[in-house]
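Worksheet: one structure, shown below.
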Number of protein chains: 2
Amino acid sequence: MNAKERFEKFVTRKGLRRTLQRERVLEVFLATERHVTVQELYDLVRKKHSGIGYATVARTVKLMCESGVCRQVDFGDGSHRFEHKHGHEHHDHLICLECGKFEEIYSPELEKIQDRLVRKYGYIQESHKLDVFGLCPRCSKKKRK
Amino acid sequence: MNAKERFEKFVTRKGLRRTLQRERVLEVFLATERHVTVQELYDLVRKKHSGIGYATVARTVKLMCESGVCRQVDFGDGSHRFEHKHGHEHHDHLICLECGKFEEIYSPELEKIQDRLVRKYGYIQESHKLDVFGLCPRCSKKKRK
DNA sequence: TTAGATATTGATAATCATTATCAACTATAA
DNA sequence: TTATAGTTGATAATGATTATCAATATCTAA
């Protein structure tokens with residue numbers, strides 16, 4: 001099931017309505033590979049569809065998060081950014097505190113241990129978010145000088 | 001080194017000044033085991049020291065985070081909360097999406113694998129944040145009914 | 001296909017959190 | 001003690017998010 005189907009099923013299942021605006025916001029969101037803020041997504045949307053309002057974009061982002069096609073990423077700078085999961089596997093983030101660059105990382109081993117840990121507490125895992133903060137190779141070299 | 005020493009050393013090393021207000025905000029913060037917002041901490045501070053302003057509390061929270069005695073925790077509800085590390089070991093969070101309750105979890109194994117992964121990317125780890133979202137035992141039982 | 005019920009939209013106002021400003025004050029070093 | 005520069009509290013400014021509402025669009029049931 002792709003992201004679009006997933007979102008539309010979610011909307012329908014919730015008794016909400018499928019609208020042109022929601023579809024367009026979703027399309028624009030899926031078409032970018034950046035981690036966008038609501039404002040940035042709004043700007044992108046406006047380039048193609050000038051009639052869509054900020055509130056609609058914000059509301060749609062919230063829905064997209066609930067539906068699971070979108071998730072919030074926080075890199076410690078206070079801004080709220082969102083990324084989609086279309087064509088992505090799940091991944092975590094490795095963020096440089098110095099230059100702000102980040103890597104998307106993934107380790108099946110890490111996932112496995114996490115699963116085991118969560119089950120030990122009797123929880124059913126829905127999702128998780130791991131952000132590692134540190135210094136990237138370039139910045140750590142600079143600092144040592 | 002306890003949290004108070006750590007904070008004061010940090011302040012001094014940065015060329016900042018030790019003030020009564022900062023000390024009091026820190027004391028009140030360390031005295032609670034809740035995950036507080038700035039506003040909540042401000043309210044707590046005011047109960048004991050009515051002269052301290054909101055801005056001072058907010059500024060001190062920022063300093064406490066930089067110094068490492070405090071860290072931000074986000075439970076997906078949009079509010080910015082802070083917890084201190086006094087008398088705590090490092091831990092991650094297991095958060096129930098249904099009732100909002102959470103557990104503080106820790107696994108040395110998880111930490112080890114994470115370290116290895118980070119090194120593989122050439123990064124130097126400073127800190128990390130793992131939040132697992134799901135259903136707690138009680139809520140998952142309810143849902144199955 | 002149509003009508004009625006109700007969700008949605010866009011614009012904007014309201015709210016809330018965070019940050020900036022500044023004059024008065026105070027910690028610190030010499 | 002004094003000069004310097006950081007700090008404070010009050011409040012204004014800013015930014016982000018949410019609420020409001022009249023007009024409009026969607027969906028369901030008949």
Side-chain angles (χ1 to χ4, degrees), chain A residues 4 7-29 35-67 70-82, chain B residues 4 7-29 35-67 70-82:
Chain A
K4 214 161 167 179
F7 180 69
E8 288 174 357
K9 271 194 184 161
F10 171 82
V11 166
T12 308
R13 205 177 322 121
K14 261 207 130 185
L16 306 176
R17 295 174 182 174
R18 295 174 53 179
T19 67
L20 214 52
Q21 288 90 337
R22 284 180 180 158
E23 193 178 342
R24 284 172 171 169
V25 171
L26 178 64
E27 278 169 5
V28 171
F29 182 55
H35 298 67
V36 292
T37 60
V38 170
Q39 180 64 52
E40 286 168 359
L41 181 57
Y42 171 69
D43 293 338
L44 287 175
V45 168
R46 295 288 281 194
K47 281 189 195 164
K48 289 209 158 196
H49 315 285
S50 58
I52 294 179
Y54 182 93
T56 299
V57 174
R59 287 185 285 231
T60 305
V61 166
K62 191 169 243 180
L63 274 182
M64 292 191 302
C65 283
E66 285 179 58
S67 76
C70 169
R71 71 166 180 161
Q72 193 174 336
V73 292
D74 282 309
F75 287 177
D77 63 347
S79 72
H80 293 170
R81 297 184 167 275
F82 301 87
Chain B
K4 213 159 169 179
F7 180 70
E8 286 174 358
K9 271 193 183 164
F10 171 83
V11 167
T12 308
R13 205 177 323 120
K14 262 208 131 186
L16 305 176
R17 294 175 182 171
R18 296 174 52 178
T19 67
L20 214 51
Q21 288 90 336
R22 284 179 180 158
E23 193 177 341
R24 284 174 172 168
V25 172
L26 178 65
E27 277 169 5
V28 171
F29 182 55
H35 297 70
V36 292
T37 60
V38 171
Q39 180 64 53
E40 286 169 359
L41 181 56
Y42 171 68
D43 293 338
L44 286 175
V45 168
R46 295 288 282 196
K47 283 188 195 163
K48 290 210 157 195
H49 315 284
S50 59
I52 295 179
Y54 182 93
T56 299
V57 174
R59 287 184 285 232
T60 305
V61 167
K62 192 169 243 182
L63 274 182
M64 293 191 301
C65 283
E66 285 180 57
S67 76
C70 169
R71 74 166 178 159
Q72 194 175 337
V73 291
D74 282 308
F75 288 177
D77 62 347
S79 72
H80 293 170
R81 296 186 166 275
F82 301 88

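Sequence lines set the chain letters: A, B, ... in the order given, protein chains first and strands last, and positions in each chain run from 1.
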> Which residues satisfy the ring pair (Phe, Tyr, Trp, His ring centres under 6.0 Å) test with A:Phe82, sequence neighbours excluded?
Replying inline: none

>> For chain A and DNA chain C, what are the first and last nucleotides along the strand, 5' to 3', with at least one atom under 4.0 angstrom from a heavy atom of the protein chain?
In response: C:dA5 to C:dA11

> With A:His80, which residues qualify under ring pair (Phe, Tyr, Trp, His ring centres under 6.0 Å), at least two apart?
Replying inline: B:His80

>> Just to verify, what does A:Phe10 make a ring pair (Phe, Tyr, Trp, His ring centres under 6.0 Å) with, not counting sequence neighbours?
In response: none

> About how many Å separate CG of A:Leu41 and CD1 of A:Ile52, when rounded to the nearest 0.5 Å?
Replying inline: 10.0 Å

>> Within residues 15-23 of chain A, which residues have any heavy atom lying less than 4.0 Å from an atom of DNA chain C?
In response: A:Leu16, A:Arg17, A:Thr19, A:Gln21, A:Arg22

>> Listing request: all salt bridge (charged side-chain N to carboxylate O under 4.0 Å, His left out) pairs with a residue in residues 40-63 of chain A, at least two apart in sequence or in separate chains.
In response: A:Arg34-A:Glu40, A:Glu40-A:Arg81

> Roughly how far, to the nearest 0.5 Å, is the CD atom of A:Gln39 from the CG atom of A:Leu44?
Replying inline: 10.5 Å

> What heavy-atom pair brings A:Tyr42 and A:Tyr54 nearest, and what distance separates the two atoms?
Replying inline: CE1-N, 3.3 Å

>> For DNA chain C, which residues of residues 39-58 of chain A approach it to below 4.0 angstrom with any heavy atom?
In response: A:Gly51, A:Ile52, A:Gly53, A:Ala55, A:Thr56

> Which part of the nucleic acid does A:Lys62 contact within heavy-atom distance under 4.0 Å: base, sugar-phosphate only, or nothing?
Replying inline: sugar-phosphate

>> Using whole Å, what does the distance between atom P of nucleotide D:dG6 and atom NZ of B:Lys14 come to?
In response: 12 Å

List the atom pairs, with distances to 0.1 Å, where a side-chain N or O of residues 15-28 of chain A and a protein N or O form a donor-acceptor pair under 3.5 Å, not counting sequence neighbours.
{"from": "A:Arg18", "atom 1": "NH2", "to": "A:Glu8", "atom 2": "OE1", "distance (Å)": "3.1"}
{"from": "A:Thr19", "atom 1": "OG1", "to": "A:Arg22", "atom 2": "N", "distance (Å)": "3.2"}
{"from": "A:Arg22", "atom 1": "NH1", "to": "A:Arg17", "atom 2": "O", "distance (Å)": "2.8"}
{"from": "A:Glu27", "atom 1": "OE2", "to": "A:Lys4", "atom 2": "NZ", "distance (Å)": "2.9"}

> Rounded to the nearest Å, what distance is computed from the CZ atom of residue A:Arg81 to the C1' atom of nucleotide D:dA16?
Replying inline: 13 Å

>> Distance check, rounded to the nearest 0.5 Å: B:Arg71 atom CZ versus B:Cys65 atom SG?
In response: 10.5 Å

>> Taking only side-chain N and O atoms of A:His80, does any of them lie within less than 4.0 angstrom of OP1 or OP2 on D:dT17?
In response: yes

> By side-chain hydrogen bond (donor to acceptor under 3.5 Å, both in side chains), which residues pair with A:Glu66, not counting sequence neighbours?
Replying inline: A:Lys14

>> I'd like to check the ring pair (Phe, Tyr, Trp, His ring centres under 6.0 Å) partners of B:Phe7; sequence neighbours left out, ordered by chain and number.
In response: none

> For the helix from C:dT1-D:dA30 to C:dA30-D:dT1, how many degrees between its two end axes (five pairs per end), to the nearest 10°?
Replying inline: 50°

>> Taking salt bridge (Lys or Arg N to Asp or Glu O under 4.0 Å) as the definition, give me every residue that meets it alongside A:Lys9, ordered by chain and number, with sequence neighbours left out.
In response: none

